[in-house]
2 protein chains.
Amino acid sequence: MRLTTKGRYAVTAMLDLAFHSQKKPVTLTDIANRQTISLSYLEQLFARLRKADIVIGVRGPGGGYKLSRAAGKINIAEVIEAVDEPLDSTKCGGEGNCQNNQPCLTHELWMGLSEQIRGYLGGISLGDLLERHEIQHVAKRQENDAKVIELHRQERASA
Amino acid sequence: MRLTTKGRYAVTAMLDLAFHSQKKPVTLTDIANRQTISLSYLEQLFARLRKADIVIGVRGPGGGYKLSRAAGKINIAEVIEAVDEPLDSTKCGGEGNCQNNQPCLTHELWMGLSEQIRGYLGGISLGDLLERHEIQHVAKRQENDAKVIELHRQERASA
DNA sequence: ACTTAACCCAGCAAAATAGTCAACTATTCC
DNA sequence: GGAATAGTTGACTATTTTGCTGGGTTAAGT
């Protein structure tokens, strides 16, 4: 499991797609403009996302990309793994043919950690992120509302 | 928060250092041999780890590197961040000067996720990993012991 | 003094990243 | 049917990162 800017671009684009998904497909041009990612780079990323059955491409006018499933059914780990290179993972290729026991020891430790990160990100969906943001947004508005009310109270008090 | 092979090298090397930390400092040459990482690359990584006050370098014969704190006090996130480039973080530099509201929206979502990953890895120490492995190791040995006992039982039964 | 090993630095080849350019295909709308 | 739309594909490029080689200098122990 790697976390690079490439994966970030993919997740960002997918979040944008999920957020703007109404009935109509979303064009890459729109996403490119909103997220300031080059169109051709997005094309590369979405070619992989399509092969991974995460998005569906719709051709022709009014076309674009749609999520293949509900945003709650698409997790972050699969988006990142779709665009990442397969990551040769190990030097001993799981065969455990390291020189002695020591190399495989720390190697095994790292693999365990990597697995944990994958599990963690696999438990978070695009829908979760959008929802959490929505909650934050609402919370922030309520916070502002509270301030406005407080302000009004002070105005009445001073009047 | 990025997760690249560079960070993996750093964590692997730190795990090796933590595992082999007795009284004496551990030389980079030893780590290089055990983990098959080039000495010069390790030097680069440890220069950063030293600047981040994660390890202490001891010069001269019998020298090497020591952990600056107990393995339980060093978390994975700080090891990775020590060797990673500062990661220009955002395009709008936290100023929020994106074109409209939309870019900052998904951007904010990603930053939130990144923060979660940092928090997650920040909660795991080198000591945790070593301990977990130790538990696995013990568990595996007990498993083997059980098989041996079972084997002995079968031998007695057939005799 | 000599050895050891951290420290420091310049450079370098391979890979990954991010992007451009161009041609082609399927679809829909007129 | 023809034009416009938008995905699809591939080759090609610039930049950065990665991982390493090899040269040195400095501090500390014997």
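Keep in mind the model is a prediction, meaning the values are calculated, not measured. In what follows, chains are A, B, ... by sequence order, proteins preceding strands, each numbered from 1. Computation of the quantities below employed the complete heavy-atom set of this structure, encompassing side-chain atoms and omitting hydrogens, waters and symmetry-equivalent molecules.
- Residue A:Thr4 is classed as a sugar-phosphate contact, given heavy-atom separations below 4.0 Å to backbone atoms only.
- A donor-acceptor pair is defined here as one N or O able to donate and one able to accept, closer than 3.5 Å; no such pair exists between the side chain of B:Asp16 and the backbone of B:Ala13.
- Comparing A:Val58 and B:Thr29 against DNA chain C, the residue whose closest nucleotide sits nearer the 5' end is B:Thr29.
- Across all strands, B:Ser40 comes closer than 4.0 Å to base atoms (heavy-atom distances).
- Going from atom CD1 of A:Ile37 over to atom CD1 of A:Ile31 covers 8.0 Å, rounded to the nearest 0.5 Å.
- Residue contacts shown for A:Ser38 are limited to sugar-phosphate atoms, with no base heavy atom under 4.0 Å away.
- One interatomic measurement links the two molecules: OH of A:Tyr41 to C1' of C:dC21, which rounds to 18 Å at whole-angstrom precision.
- Where A:Pro61 and B:Gly64 each meet DNA chain C at their nearest nucleotide, the meeting point lying more 5' is that of B:Gly64.
- Within the 4.0 angstrom heavy-atom criterion, only backbone atoms of the sugar-phosphate kind lie near B:Tyr65; the bases stay farther away.
- Taking 4.0 angstrom as the limit, A:Thr5 places a side-chain polar atom (N or O) nearer than this to OP1 or OP2 of C:dA18.
- If you measure from atom CZ of A:Arg59 to atom P of D:dG7, you get 10 Å, rounded to the nearest angstrom.
- In this structure, A:Glu43 does not pair ionically with A:Arg50, as no charged nitrogen and carboxylate oxygen lie closer than 4.0 Å.
- Summarising the geometry, atom CD belonging to B:Glu131 is positioned 6.5 Å from atom CG belonging to B:Asp128; distances are rounded to the nearest 0.5 Å.
- You'll find that the side chain of B:Thr27 is closest to C:dA6, out of D:dG19, C:dT3, C:dA6.
- Between A:Lys24 atom NZ and C:dC29 atom P the separation is 7 Å, expressed in whole Å.
- Rounded to whole angstrom, the span from the CD atom of A:Glu43 across to the C1' atom of C:dA22 amounts to 11 Å.
- The residue A:Leu28 sits close only to the backbone: its heavy atoms come under 4.0 Å of sugar-phosphate atoms, none of a base.
- Residue B:Arg50 places no side-chain N or O under 4.0 Å from the OP1 or OP2 atom of C:dA6.
- A donor atom on one side chain and an acceptor atom on the other are not found under 3.5 Å apart for A:Tyr9 and A:Gln35.
- In this entry the distance linking CZ of A:Arg48 with C1' of D:dG10 reads 14 Å, nearest Å.
- Distance, A:Asp84 CG to C:dA18 P: 11 Å, rounded to whole Å.
- One N or O donor and one acceptor, one from the side chain of A:Gln44 and one from the base of C:dG19, sit under 3.5 Å apart.
- For the pair B:Lys51 NZ and C:dC7 C1', the interatomic distance rounds to 10 Å; values are reported in whole Å.
- Note: CD1 (B:Ile56) to P (C:dC7) measures 11 Å, nearest angstrom.
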